[in-house]
Amino acid sequence: MTIAQIRTVAIDQALTDPEWRFAQGPLTRIQGYAIVLTNERGISGHGYFRAMPPWSEPLAAMKACFDHLAEALPGRDEAEIGAIMDELDRRLHGVPTVKGGIECALYDLRARTLGVPLHDLYGGRRQESFANTRIIPLKSAAKMAEVAEALVAAGFKHLKVKVSGDPALDIDRVRSVRAAVGPEIRLMIDANESYTPKLAVQAINAMARFGLDLVEQPTAATDFKGFIAVARALDVPVEADESAQDLPSIMRIAEAGAVESINLRILNLGGPSRTREAIAICRAAGIGYRFGAVFGSSIVHAHTVHLAASLPQPRFPHEFSEMALLTGDRFSGIAVEAGRVPVPAGAGTGLVLEEG
């Protein structure tokens, strides 16, 4: 089947918590586009890209990149996903978020044409649903404890506490959350690069007494030696996130051997194919991996859930449920149920785009 039409649908979402923030700043609104690829039989597949300035290019720039790449798609055989992505790389360097959205749409289109769930294209389903880690954003220690209690009441058993690089405040935040949720709930922290290496070792080892499974990106991604030194010095397993945004970086981390988990996102890496390459690197190096939080339309989560369904259960739970924090989505068909996210049923991702 050949690709007959390419179009986009704007998606403008707001966070239900207007005070949501992390160490790098507040986050209140996500703007992006659903990608719709339609073949000659009228079957459509869906992808997505979004902007998060200052952490990404502005949306207008990303849309211009998409429009340029989309010119290469009409008349192409939808089954030739690898060849199409090679051509897009030749046509324009970089823009992994946009290319990742296009490749997601190609995979969804192919699965829907074949009448099979998306995970069939990745080797078939191993998992039917996933326990999820939910984020507790930066607030006062008391308010973060309240958020934690509410999430546990909603069925979540794994929580990620955001910290900000202030040792006294962060220790109080973790202490308060642990006191609120009790000893059975699993906790991890995410510093989003906010600590210096020496301070990270001191502060995070102090937080470890409250029971931490993992610490995500404690120090700056630009200081690779410092990050690895901290990973070796901490009593808590360390996960790379901002340090692991492309395949060469993931390979470098794997070679260093100190990190115990890599945080992966399909859009950041440029699509499902490169994400599977990243997973292969992690597995060959004996490093854990999991899918991190994405703020944007649930179609991204559906693509990620289907890929995750084809893989072994992770050591540390994925983060598929931040979609519950956003309003204004145009897709339906995936939801959080008592702290878990089931694999959507149906052909392709199983999601439905509502354009009205």
Mind checking the [atom1]-[atom2] spacing from [X] to [Y]? Nearest 0.5 Å is all I need.
X	Y	atom1	atom2	value
L307	Y122	CG	OH	5.5 Å
S194	Q24	OG	CD	8.5 Å
I102	F66	CD1	CZ	5.0 Å
L37	R76	CG	CZ	12.5 Å
N39	M1	CG	CE	6.0 Å
M323	I30	CE	CD1	15.0 Å

**Asked** Once the angle between the rings of H318 and F291 is folded into 0 to 90°, is it parallel (under 30°), tilted (30 to 60°) or perpendicular (over 60°)?
**Response**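 Plane angle between 30° and 60°, so tilted.
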
**Prompt:** Run the side chain to side chain contact (heavy atoms under 4.5 Å, CB included) check on E319 and R290 step by step: do they pass?
**Reply:** CA-CA 8 Å; E319 298 177 50; R290 68 189 186 98; 2.8 Å; yes

Short side-chain donor-acceptor distance under 3.5 Å, [Y] and [X]:
X	Y	value
Q13	S297	no
R112	T349	yes
N268	T97	no
Q217	D190	no
T2	D77	no
Y195	D170	yes
R134	N132	no
S273	E103	yes

Do [X] and [Y] touch side chain to side chain, with heavy atoms closer than 4.5 Å?
X	Y	result
V36	L353	yes
E239	V215	no
P137	D17	yes
I84	L106	yes
L27	M52	yes

**Request:** Could you list the residues that satisfy ring pair (Phe, Tyr, Trp, His ring centres under 6.0 Å) with Y48, not counting sequence neighbours?
**Result:**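 In terms of ring pair (Phe, Tyr, Trp, His ring centres under 6.0 Å), with neighbours along the sequence ignored, Y48 is linked to no residue.
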
**Request:** Say whether V152 and F320 are linked into one hydrophobic cluster, either directly or through other cluster members, by side-chain heavy-atom distances under 4.5 angstrom.
**Result:**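 Yes, one cluster joins them.
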
**Message:** Is it the case that the side chain of R178 and the backbone of G182 share a donor-acceptor pair, with hydrogens and angles ignored and the cut-off at 3.5 Å?
**Reply:**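 Judged by distance alone, yes, a pair lies under 3.5 Å.
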
**Asked** Just by modelled atom types, is the G271 backbone N or O under 3.5 Å from a matching donor or acceptor in the R274 side chain?
**Response**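 Not confirmed, R274 side chain does not pair with G271 backbone.
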
**Prompt:** Can a cation-pi geometry be assigned to R252 and F224, taking NZ or CZ under 6.0 Å from the six-membered ring centre and within 45° of the ring axis?
**Reply:**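 Positive - R252 is close enough to the ring of F224 and near enough to its axis.
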
**Request:** Could you tell me whether K160 and E216 have a side-chain N and a carboxylate O separated by less than 4.0 Å?
**Result:**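 Yes, K160 and E216 are salt-bridged.
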
**Request:** Assess the pair W20 and F295: is the distance between their ring centroids shorter than 6.0 Å?
**Result:**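 Yes, the ring of W20 comes within the 6.0 Å limit of the ring of F295, centre to centre.
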
Check: residues 331-344 side-chain donor-acceptor pairs under 3.5 Å, at least two apart:
residue : atom : partner : partner atom : Å
S332    : OG   : E354    : OE2          : 3.0
R340    : NE   : S129    : OG           : 3.1
R340    : NH2  : S129    : O            : 3.2
R340    : NH2  : S129    : OG           : 3.2

**Item:** V9 and I35: CA distance, side-chain angles, deciding distance, side chain to side chain contact (heavy atoms under 4.5 Å, CB included) verdict
**Value:** CA-CA 7 Å; V9 177; I35 300 168; over 6 Å; no

**Message:** Taking transitive links into account, so neighbours of neighbours count too, which hydrophobic residues share a cluster with M188 at under 4.5 Å side-chain distance?
**Reply:**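 Cluster partners of M188: L214, F316.
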
**Request:** Assess whether side chain to side chain contact (heavy atoms under 4.5 Å, CB included) is satisfied between M144 and V161, documenting all intermediate values.
**Result:** CA-CA 8 Å; M144 290 177 75; V161 182; 3.5 Å; yes

